[in-house]
Amino acid sequence: MKLLSDDDLDLAGMSDEELAAAWDLWFDLAQATNDFDPPWTHGVFAGIREWRWERDADPSREPGEARVAADG
Amino acid sequence: MENVFLALTEELNRAGRIAVLGSGQAVVWHRLAIMSKDGDWILRESAEACRHVLSVLAGHGARYRPGAPLDPRWLAGGWSSHFEFSDERQRRVRCDFFSRPPRLSRAEIAALFSAAQAAPVVDAETLIRMKQTQRAKDYAVIGELARRLPPDRELALTTDPDRILALAPDLPESTRPAAKAARAGDRRAVVRALADEVDELQQRDRARLAQFERAAEPYLAAFRSFDRPELELPDGHAHLVELAERLLPIHPREEGS
């Protein structure tokens with residue numbers, strides 16, 4: 001039973017340069033979801049799914065950790 | 001073009017091994033999947049290591065995110081420290097540090113910093129144990145990582161029922177419930193045993209994090225009063241230490257129980 005997709009598992013066949021390029025493209029695309037990310041994905045705060053920075057209520061501020069996320 | 005987290009790992013370790021890359025970026029390094037946009041490192045628990053990391057991050061224009069100060073006192077209590085900066089293409093780079101990864105002994109943690117460890121990246125078995133979290137998606141990664149281990153270790157750690165069914169007959173010494181079920185030829189029992197095991201691991205991780213969450217409540221509430229510029233390195237560190245000395249217990253189990 002495969003637990004990850006063929007696309008995921010193909011990384012082993014890539015050269016270092018191909019892997020770096022694939023990761024770079026993926027990281028570019030992943031920026032689009034920054035505002036929807038959970039506040040923490042690692043460490044001991046990762047169990048907190050909602051955390052609001054009071055000052056985020058000010059619309060002049062950049063969006064930050066004021067999100068409820070479905071997944072880390 | 002370079003993975004910013006791998007480049008940062010190299011930069012952090014330039015003067016000696018102090019930071020070992022873990023979790024999602026280690027999965028990338030092991031060429032298993034591209035699955036995390038954050039980096040996390042197991043840090044050598046010393047004042048010197050903390051100072052060096054803070055200096056490197058300050059050079060990148062980083063600021064603290066909500067979390068403990070990067071100080072060996074709180075790291076020793078199991079806390080984690082969190083930072084963020086933008087790379088030269090204005091992409092968000094989040095960096096997390098801790099020195100006491102769960103489910104690893106002190107000796108196993110120390111071994112990560114030994115010269116015998118070729119790269120500053122956690123090995124597959126260590127990564128598996130770090131991935132035994134409350135998150136369901138981590139268990140798919142565990143199944144794939146386990147394929148890289150010797151058969152007896154794969155049987156001990158895999159989350160793939162088919163691999164357990166394939167391996168268990170040749171490894172009768174395994175007492176893992178799923179392996180016993182596999183030797184009895186009962187696939188459904190293998191699947192149920194795995195589900196029970198994963199649920200137990202998830203519940204244990206959830207309970208562990210709940211202790212930290214309770215203990216951090218007053219500190220995080222006060223953290224909200226900071227303006228983001230106040231959290232920029234290097235000065236932000238002193239602000240967090242001052243706050244943590246007042247409101248963040250070093251050992252959450254004592255304070256949070």
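What you see is a predicted model, and the numbers here were worked out from it, not measured in a lab. Every chain is numbered from 1, with letters handed out A, B, ... down the list of sequences.
Rounding to the nearest 0.5 angstrom, the gap separating the CZ atom in F27(A) from the CG atom in D87(B) is 6.0 Å. In this structure, N34(A) CG and E84(B) CD are separated by 8.0 Å, a value rounded to the nearest 0.5 Å. Separation of atoms NZ (K37(B)) and CG (L29(A)) is listed at 10.0 Å; rounding is to 0.5 Å. With values rounded to the nearest 0.5 angstrom, R94(B) atom CZ is found 6.0 Å from D37(A) atom CG. Rounded to the nearest 0.5 Å, atoms NE2 (H30(B)) and CG (L11(A)) are 13.0 Å apart.
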> Would D16(A) and R31(B) satisfy side-chain contact (heavy atoms from CB on, under 4.5 Å), going step by step from the backbone distance to the final call?
Replying inline: CA-CA 10 Å; D16(A) 290 347; R31(B) 291 169 173 266; 2.6 Å; yes

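Across all non-hydrogen atoms, the minimal contact from S80(B) to G43(A) is OG-CA, 3.4 Å. Residues R65(B) and W40(A) share a closest heavy-atom pair of NH1-CD1, 4.2 Å. Closest approach of L19(A) and V28(B) over heavy atoms only: CD2-O, 4.1 Å. Of all the heavy atoms in F45(A) and G67(B), the pair that sits closest is CE1-CA, 3.5 Å.
Both the backbone and the side chain of S36(B) come within less than 4.5 Å of a heavy atom of chain A. With a threshold of 4.5 angstrom between heavy atoms, F223(B) approaches chain A through its backbone and through its side chain. Of the atoms belonging to R206(B), not a single heavy atom falls under 4.5 Å from chain A. Residue E217(B) does not touch chain A at all, counting heavy-atom pairs closer than 4.5 Å. Heavy atoms of W23(A) lying under 4.5 Å from chain B belong to its backbone as well as its side chain.
Using a 4.5 Å heavy-atom threshold, the side chains of L209(B) and V44(A) count as touching.
Listed options L220(B), D38(B), T133(B) were ranked by heavy-atom pairs under 4.5 angstrom with chain A; first place goes to L220(B).
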